[in-house]
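Data first, discussion second: the structure below is written as structure tokens.
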Amino acid sequence: MCGILAVLGCSDDSQAKRVRVLELSRRLRHRGPDWSGLYQHGGSYLSHQRLAIIDPASGDQPLFNEDQAIVVTVNGEIYNHEELRKRLPNHKFRTGSDCDVIAHLYEEYGENFVDMLDGMFSFVLLDTRDNSFIVARDAIGITPLYIGWGLDGSVWISSELKGLNDDCEHFECFPPGHLYSSKSGGLRRWYNPPWFCEAIPSTPYDPLVLRNAFEKAVIKRLMTDTMGGTTPFLLCWPRELTRFEGCTRSCRLSREPSTMNFISRFRMV
Ligand SMILES: NC(=O)CC[C@H](N)C(=O)O
């Protein structure tokens, strides 16, 4: 998990404020030891503490679209980023980061792209053309996120409370599955699955369907270029799969290239 911290629409764009934001961002350093980044545009600041998972060589954040008008700081993983890149044929990506698609999707589809993302994420996106911004958190709140307000009307966002509680006059937990848009000035739910309704499902329970869904969920989370992100998961998945179907299934899965790389690296460690 990385650490993100952003201050948006602040009346103070001084060097002293920049230093303060850097100080606060360092409070999240334990979340990402591989890189620290800060982008400032007037009174808006986006910072990032990176635990590199995908494209460790060039995926440092904040990330930008082609003309650098749109900037984004992200905590999390976008599992379907390769598929999404294919839906953006006219866009040039500077990095191989899974999070690179976010600025480009916004450019192409506006604020309503969030439900195209399959992943666990929280992000802040600043559009420097009109200083508008959006903030979003994944469907069930796997990644942590807090929102606060400064006395000057600035909006503060942080992966942990310690990044904003000293500087905001009011703060709260950013609700999962929601999007904050500065244009509409409020929060709205972007995640609206059919099972949110009160109706009792009529489809009978099918263990095979459940098992397939579980396996798919495991496999997509194996996405990584480093050991950092999925190690705890790897430690538990073979046992879980064994419990489901015996060793045969684990062995078949482990012949898949990504799993093989993963396991050989795991053994080396
Ligand atoms: N730890 C994270 O949140 C990782 C961010 C991004 N997916 C990366 O690989 O750099």
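Every heavy atom of this structure was used, including side-chain atoms; hydrogens, water molecules and symmetry mates were not. Predicted model only: the values in this text are computed from it and were never measured. Every number for a ligand or one of its atoms is a count from 1 in the order of the listing.
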Relative to the heavy atoms of Cys99, which atoms of ligand 1 are at a distance of less than 4.0 Å? 6 (C), 7 (N)
So for atom CD, which belongs to Glu82, do other residues, nucleotides or ligands contribute more than 12 heavy atoms lying within a distance under 6.0 Å? no
Return the closest protein heavy atom for atom 9 (O) of ligand 1 as residue, atom name and distance. Ile54 N, 2.7 Å
At less than 4.0 angstrom from any non-hydrogen atom of Asp98, what atoms of ligand 1 do you find? 6 (C), 7 (N), 8 (C), 9 (O)
Ser97: heavy atom below 4.0 Å from ligand 1, yes or no? no
Tell me: protein heavy atom nearest atom 2 (C) of ligand 1, and distance? Cys2 SG, 2.6 Å
Using a 4.0 Å cutoff against the non-hydrogen atoms of Asn75, which atoms of ligand 1 qualify? 3 (O)
Going by the angle between their ring planes, with limits at 30° and 60°, are His170 and Trp149 parallel, tilted or perpendicular? parallel
Any heavy-atom pair between the side chains of Arg18 and Leu38 that's under 4.5 Å? yes
Atom 5 (C) of ligand 1 - nearest protein heavy atom and its distance: Gly76 O, 3.3 Å
Does the side chain of Ile4 reach to within under 4.5 Å of the side chain of Val74, using non-hydrogen atoms? no
Structural part of Arg50 in contact with ligand 1, heavy atom criterion under 4.0 angstrom: side chain
Below 4.0 angstrom from a heavy atom of Leu51, which ligand 1 atoms are there? Numbered from 1 as shown, please. 1 (N), 2 (C), 4 (C)
Would you say Phe113 and Leu84 make side-chain contact, with heavy atoms under 4.5 Å? no
Please state which part of Ile53 comes within less than 4.0 Å of ligand 1, counting heavy atoms only: side chain, backbone, both or neither. both
What do the steps show when you test Ser158 against Trp156 for side chain to side chain donor-acceptor pair (under 3.5 Å), and what is the final call? CA-CA 7 Å; Ser158 175; Trp156 295 60; over 6 Å; no
4.5 Å side-chain heavy-atom contact, Leu8 and Ser182: no
Using a 4.0 Å cut-off to any heavy atom of Glu77, which atoms of ligand 1 qualify? 2 (C), 4 (C), 5 (C), 6 (C), 7 (N)
Given Phe121, which partner from the list Leu145, Asp138, Asp98 fulfils the side chain to side chain contact (heavy atoms under 4.5 Å, CB included) test? Asp138
